[in-house]
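Predicted model, so just to flag it, every value in this text is computed and none were measured.
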Amino acid sequence: MPASRKQAWKSRLLVPILEPARGAALYEPVRALENGVILADNDLIVAIGANLAVPPDYELTDFGDAMICPPLVNAHTHLQLSWLEGTVWGLGFTEWLKSMLPRLFPVIRSGFGSRERAALADAVACLQACGTGHAGDVGGSIPGALEAAAAQDLPLTSFCEWLGFTEDAASPWPGRCRQAISANPGLALRCAPCGHALYSTSVAQMRIAQAWCESMGRIFTFHLAESPEETEMLVSGAGPLAELYRGNVLPDNWQPPGLGPVRLALRHGLLKKGTLAVHCVQLEDSEIMKFAATGAAICLCPRSNRNLAVGLAPAQKLADAGILLCLGTDGLTSCEDLDVRNEARFLQTEFGLPLPALLRMAIPNGRAALGLETETLAAGKKARFSVWALGEDSNA
């Protein structure tokens with residue numbers, strides 16, 4: 001029988017539990033142990049506390065001036081697109097799409113090859129390397145991301161995305177996902193249908209998918225108010241995004257609804273408790289409180305928004321309104337990496353959000369937004385955690 005591997009980790013601060021929070025509670029100091037230590041045997045925590053003595057037969061890693069916290073949650077990413085490097089950044093949302101779609105469609109038609117599967121596995125490994133304990137992944141098919149995550153023991157909430165205006169009242173599932181579930185019904189227990197966006201998906205089909213999610217106790221998610229081009233298209237039917245989608249994604253009889261994305265989502269009841277809206281960059285001040293009243297959550301992907309030159313979500317106003325905020329990276333086609341700590345650092349730089357708020361957004365709020373229970377560091381649990389460098393950010 002092989003010998004057990006005994007490990008210890010220590011840091012200046014250790015936070016065994018973080019509860020989800022919104023509004024004023026988001027900014028409250030977190031409860032941290034000074035000189036925290038975790039002892040683990042064969043990847044299971046056997047003891048956790050302040051100033052614990054580390055036995056001599058334990059391999060010690062000392063993170064120094066840092067904080068050990070429960071694992072990160074990347075609440076929104078597109079793992080299946082991890083192979084798509086070299087997209088155009090900085091010229092707007094539509095130009096980014098134009099650089100991506102011609103390369104994406106052939107792979108959609110032919111299916112994943114060794115290159116795409118290797119990139120997917122590498123992306124999962126990167127998530128784990130930065131301390132991610134759960135990810136929300138959006139894709140057009142299953143079970144690719146689920147299998148890659150399971151192979152590396154990364155819990156994943158998988159969303160299968162409707163794209164297009166074809167309506168099917170008989171099923172909440174897009175075609176390719178439906179085929180996979182028919183072949184393996186157990187997949188339906190591990191994923192949920194979702195919409196792409198109001199400019200690219202039938203409202204009727206989104207409502208069918210959302211109703212299924214509500215009946216099954218699942219989270220419903222879709223991209224909302226990401227770019228100025230989206231707003232222009234929905235309000236007037238004009239602009240570069242409308243031109244790109246006309247004759248392709250849009251049916252011949254499509255007419256603009258004449259409302260911006262948030263007002264349109266409110267009109268059709270798509271924003272409610274159990275909904276996770278992603279991006280929410282193009283919100284007017286008058287829409288923020290209406291959004292907050294619905295109980296829906298928002299996943300912010302600020303570096304992706306910066307890279308695509310679509311603006312930045314009003315994070316401070318959204319937080320102050322009491323909306324549940326979490327973080328995502330939106331995938332490697334629009335972001336440098338999959339580490340939500342870098343999203344947090346970006347928000348700190350741009351908006352001055354304090355460390356307690358960022359910790360809650362990156363960890364427990366992400367779990368709450370995905371419908372998961374709060375994660376803790378405790379004896380008997382797997383030794384999975386995230387590490388935050390402190391330095392000037394030590395006032396937690």
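His78 contributes no side-chain N or O that, together with a main-chain N or O of Asp330, makes up a donor-acceptor pair within less than 3.5 Å. At least one donor-acceptor pair closer than 3.5 Å links the side chain of Gln152 to the backbone N or O of Ala121. For Arg367 (side chain) and His134 (main-chain N/O), no donor-acceptor pair under 3.5 Å exists by modelled atom type. Of the possible polar contacts, none joining the Glu85 side chain to the Leu332 backbone as a donor-acceptor pair under 3.5 Å is found. Not a single donor-acceptor pair under 3.5 Å links the side chain of Trp388 to the backbone N or O of Arg341. Between the side chain of Glu229 and the backbone N or O of Phe93, at least one donor-acceptor pair lies under 3.5 Å. When atom types are taken as modelled, the side chain of Asn35 and the backbone of Asn51 share no donor-acceptor pair closer than 3.5 angstrom. Thr275 places a side-chain N or O within 3.5 Å of a backbone atom of Leu270 that can act as its donor or acceptor partner. Side-chain N or O atoms of Ser386 include none that pairs as donor or acceptor with a backbone N or O of Gly131 at under 3.5 Å. Under the 3.5 Å distance criterion, the side-chain polar atoms of Thr77 are matched with a main-chain donor or acceptor of Gly331.
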Is there a side-chain contact (heavy atoms from CB on, under 4.5 Å) between Val37 and Leu60 once you walk through the steps?
-> CA-CA 10 Å; Val37 176; Leu60 174 63; 5.9 Å; no
Applying side-chain contact (heavy atoms from CB on, under 4.5 Å), run through Leu97 and Leu241 and close with a yes or a no.
-> CA-CA 9 Å; Leu97 277 178; Leu241 185 57; 3.7 Å; yes
Step-by-step side-chain contact (heavy atoms from CB on, under 4.5 Å) determination, Leu72 to Asp339 = CA-CA 9 Å; Leu72 305 170; Asp339 190 341; 3.8 Å; yes
Might you work through the side-chain contact (heavy atoms from CB on, under 4.5 Å) test for Val73 and Cys326, ending with a clear yes or no?
-> CA-CA 8 Å; Val73 178; Cys326 62; over 6 Å; no
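Heavy atoms only, all atoms of each residue included: Cys335 and Trp89 are closest at N-CZ2, 3.5 Å. The minimum heavy-atom distance linking Leu187 with Ala180 is given by the pair CD1-O, 3.6 Å. Smallest separation of non-hydrogen atoms from Thr376 and Ile17: CG2-CD1, 3.5 Å. Minimum heavy-atom separation, Ala383 to Ala40: CB-CB, 3.9 Å. Across all their heavy atoms, Arg178 and Trp173 have their closest contact at NH2-O, 2.8 Å. Closest approach of Ala8 and Val54 over heavy atoms only: CB-CG1, 3.7 Å.
For the residue pair His76 / His279, no side-chain donor-acceptor distance below 3.5 Å is found, with atom types taken as modelled. In this structure, a donor-acceptor pair under 3.5 Å is absent between the side chains of Thr61 and Gln7.
The side-chain heavy atoms of Glu161 and Thr201, taken from C-beta on, include no pair separated by under 4.5 Å. Side-chain contact between Leu318 and Ile288 is present, with heavy atoms from C-beta onward closer than 4.5 Å. Here the side chains of Cys191 and Cys160 are not in contact, with every heavy-atom distance at 4.5 Å or above. Looking at heavy atoms from C-beta onward, Lys6 lies out of side-chain contact with Pro55 at the 4.5 angstrom threshold. Put simply, the side chain of Trp9 reaches to within 4.5 Å of the side chain of Phe385, judged on heavy atoms. Within the 4.5 Å cutoff, the side chain of Cys301 has heavy atoms near those of the Val278 side chain. A 4.5 Å side-chain heavy-atom check between Phe346 and Leu300 finds every atom pair outside the cut-off. Looking at heavy atoms from C-beta onward, Leu224 lies in side-chain contact with Phe291 at the 4.5 angstrom threshold.
Using a cutoff of 4.0 Å between basic side-chain nitrogens and carboxylate oxygens, Lys98 and Glu95 are scored as salt-bridged. A salt bridge between Glu28 and Arg360 is absent, with no side-chain N of the basic residue lying under 4.0 Å from a carboxylate O of the acidic one.
Here Cys299 contributes atom SG and Asn74 contributes atom CG; the two are 7.5 Å apart, rounded to the nearest 0.5 Å. Rounding to the nearest 0.5 Å places CH2 of Trp254 at 6.5 Å from CZ of Phe165. Note that the CD1 atom of Ile219 and the CG atom of Leu276 stand 7.5 Å from one another [nearest 0.5 Å]. Expressed to the nearest 0.5 Å, how far CH2 of Trp162 lies from SG of Cys177 amounts to 9.0 Å. Summarising the geometry, atom CG belonging to Asn248 is positioned 11.5 Å from atom OG belonging to Ser200; distances are rounded to the nearest 0.5 Å. Between the CG atom in Leu283 and the NZ atom in Lys290 there is a gap of 11.5 Å [rounded to 0.5 Å].
Checked against Pro20 for a side chain to side chain contact (heavy atoms under 4.5 Å, CB included), the options Leu26, Asn365, Ile363 give a single hit: Asn365. Between Asp43 and the options Arg384, Arg5, Lys382, a side-chain hydrogen bond (donor to acceptor under 3.5 Å, both in side chains) holds for only Arg384.
Linking Ile, Leu, Val, Met, Phe, Trp and Tyr whenever their side-chain heavy atoms come within less than 4.5 Å leaves Val235 and Leu250 in two separate clusters. Cluster membership for Leu347 and Leu390, using ILVMFWY side-chain heavy atoms within less than 4.5 angstrom, is shared. Hydrophobic clustering of Ile, Leu, Val, Met, Phe, Trp and Tyr side chains at less than 4.5 Å, counting indirect connections, unites Leu271 with Trp212.
Other residues, nucleotides and ligands contribute over 12 non-hydrogen atoms within 6.0 Å of the CZ atom of Arg103. Surrounding NZ of Lys381 are more than 12 heavy atoms belonging to other residues, nucleotides or ligands, all under 6.0 Å away.
The salt bridge (charged side-chain N to carboxylate O under 4.0 Å, His left out) analysis of residues 293-303, with sequence neighbours excluded, yields the pairs Arg303-Glu336, Arg303-Asp337, Arg303-Glu343. Listed by first and then second residue, the salt bridge (charged side-chain N to carboxylate O under 4.0 Å, His left out) pairs involving residues 200-226 are Glu214-Lys272 (not counting sequence neighbours).
In this structure Leu33 satisfies the side-chain contact (heavy atoms from CB on, under 4.5 Å) test together with Leu14, Pro16, Ala50, sequence neighbours excluded.
Under the 30°/60° scheme for interplanar angles, the aromatic rings of His196 and Tyr199 are found to stand perpendicular.
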